[in-house]
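Notes for the one structure printed next.
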Amino acid sequence: MKVIVTGGAGFIGSHTVVELINNGYTPIIVDDFRNSKPFIINQIFKITGQKPKHYAIDCCNYKDFETVFKIEKPEGIIHFAAYKAVGESVNKPLKYYENNINSLVNVLKLMNEFDVNNLVFSSSCTVYGSAKVIPVTEKTPTQKAESPYGNTKQIGEDILHDYFKTSKNKNISILRYFNPIGAHPSGLIGELPIGTPNNLIPFITQTADGIRKSLTIFGNDYPTRDGSCIRDYIHVVDLAIAHIKAFEKQKNQTSELETYNVGTGKGTSVIEVVECFEKETKIKLNYSFGEKREGDVAEIYADNSKIISELEWEPKYSLQDALKDAWNWQKNLKNVK
Ligand code: UD1
């Protein structure tokens, strides 16, 4: 099965491309490298022995994107390409709406034009906001988004539901990612934050590497077991495999739209992550407590029973594995760039 992977050189995209190749799919990467690097394609080759075909185009440019469909005649699409920095989205909302929404609309128009019936869409647990009952199931009501970024994911899901009602023979899987972390166990691909990282793990690994002086833990008086926020950290390879499982199910369907939580089902606090990292790497992290970050929810983790039973997926990697792999990648970065 030939699959277009938008954002296929990015963090989650590149790991998914590796798993697609490992599982006999032919991924076609569409990525203009605005938030990734060309050498990642080579790294994918080193891991899999196959160099995926690649188009450096902007998914918002319909004509360019259309050319890829014309040439490749794909059977499926995974749509990763999107901006995802929560803070930046608050300051530049139109940048987020323009890119994240237009690219999705183009994907759907092209699916119609070229009769492509299978889509996996990257959504986020951010749609649940500050949920009253935890763990969250797919039926947990969504809440008004805290940021334009979060809103683009909610609007994206709404667009998919409206599109599905009017289309025939389309299979759509909406995957709500919890907190993807880690890197490929080979140490050849991983997260590549450009500038100051927004997320916890690259901040930790850069601090351990001496690139940053210290880590600030945002808040220590949340109503949680140790006062720091609780999240569901999932190894990026486990997350990548969820996309393959979604396609495997779609192959036996003619028309369905399903939403799945992709998380481990386990909540871990920021302090627990830091302690686990220290134990795994034997590195003492320089950190202090700071102000709460605006928009952060105290606690969220997944009820993952739907994806486990319907897609026969389950997380294989532990938090220890993920932190070890993230650290391994950080150390390797000097050699691969
Ligand atoms: C956020 C979004 C999520 C999105 C993801 C993508 C929300 C609620 N969540 O996840 O939807 O998919 O970004 O980037 O909008 N932390 C520190 N110090 C740091 C960095 C983070 O203490 O320097 C803490 C945060 O307060 C949080 C945890 O670490 O409790 C994880 O933060 P982060 O990695 O940024 O992910 P989320 O905010 O959970």
Side-chain angles (χ1 to χ4, degrees), residues 7 10-13 35 80-90 96 100 121-131 134 136 140 142-157 174-182 191-208 211-236 239 261-264 267-277 285-302 319 322-323 326:
F11 175 43
I12 307 170
N35 199 21
F80 290 110
Y83 291 134
K84 60 153 199 149
V86 178
E88 184 193 47
S89 80
V90 174
Y96 278 68
N100 294 6
F121 175 68
S122 305
S123 190
S124 163
C125 70
T126 191
V127 299
Y128 296 116
S130 192
I134 287 165
V136 288
T140 299
T142 58
Q143 307 232 8
K144 191 178 166 359
E146 295 264 0
S147 68
Y149 156 74
N151 207 18
T152 65
K153 291 299 174 191
Q154 293 201 346
I155 295 169
E157 291 198 6
I174 295 174
L175 301 187
R176 290 179 176 160
Y177 308 154
F178 281 69
N179 288 59
I181 61 163
E191 202 165 356
L192 267 184
I194 292 169
T196 311
N198 294 301
N199 300 106
L200 179 62
I201 306 308
F203 229 102
I204 289 179
T205 54
Q206 289 193 4
T207 305
I211 297 169
R212 313 208 163 264
K213 281 209 180 73
S214 94
L215 165 79
T216 305
I217 296 180
F218 300 141
N220 63 354
D221 62 353
Y222 281 100
T224 57
R225 51 184 173 265
D226 59 19
S228 66
C229 291
I230 290 180
R231 295 287 183 274
D232 186 335
Y233 295 94
I234 173 168
H235 195 294
V236 63
L239 176 58
N261 283 342
V262 198
T264 63
T268 308
S269 77
V270 179
I271 293 172
E272 287 163 352
V273 171
V274 168
E275 285 172 351
C276 182
F277 181 86
L285 264 188
N286 192 10
Y287 70 89
S288 61
F289 292 99
E291 294 289 301
K292 285 178 178 159
R293 187 172 65 174
E294 212 182 313
D296 267 344
V297 302
E299 179 170 15
I300 188 156
Y301 56 93
L319 179 67
L323 295 175

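Because the structure is a prediction, the values reported are computed rather than measured. Side-chain atoms are counted along with the backbone in the values below, which use heavy atoms only and exclude waters and symmetry mates. When a ligand or atom number is given, it counts from 1 through the structure's own listing order.
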Do Phe203 and Thr216 have side chains that get closer than 4.5 Å, going by heavy atoms?
-> no
Roughly how far apart are Gln154 CD and Ser123 OG, rounded to 0.5 Å?
-> 8.0 Å
Which residues satisfy the ring pair (Phe, Tyr, Trp, His ring centres under 6.0 Å) test with Tyr177, sequence neighbours excluded?
-> His243
With distance as the sole criterion, is a donor-acceptor pair present between the side chains of Tyr149 and Glu88 under 3.5 Å?
-> no
Report the distance from atom CD of Glu294 to atom OG of Ser147, rounding to the nearest 0.5 Å.
-> 10.5 Å
Lining ligand 1 at under 4.0 Å, by non-hydrogen atom distance, are residues Lys84, Val86, Ser124, Thr126, Tyr149, Asn179, Asn198, Asn199, Leu200, Phe203, Leu215, Thr216, Ile217, Phe218, Cys229, Arg231, Tyr233, Val270, Arg293, Asp296
For the residue pair Thr196 and Arg212, establish whether any side-chain heavy-atom pair is separated by less than 4.5 Å.
-> yes
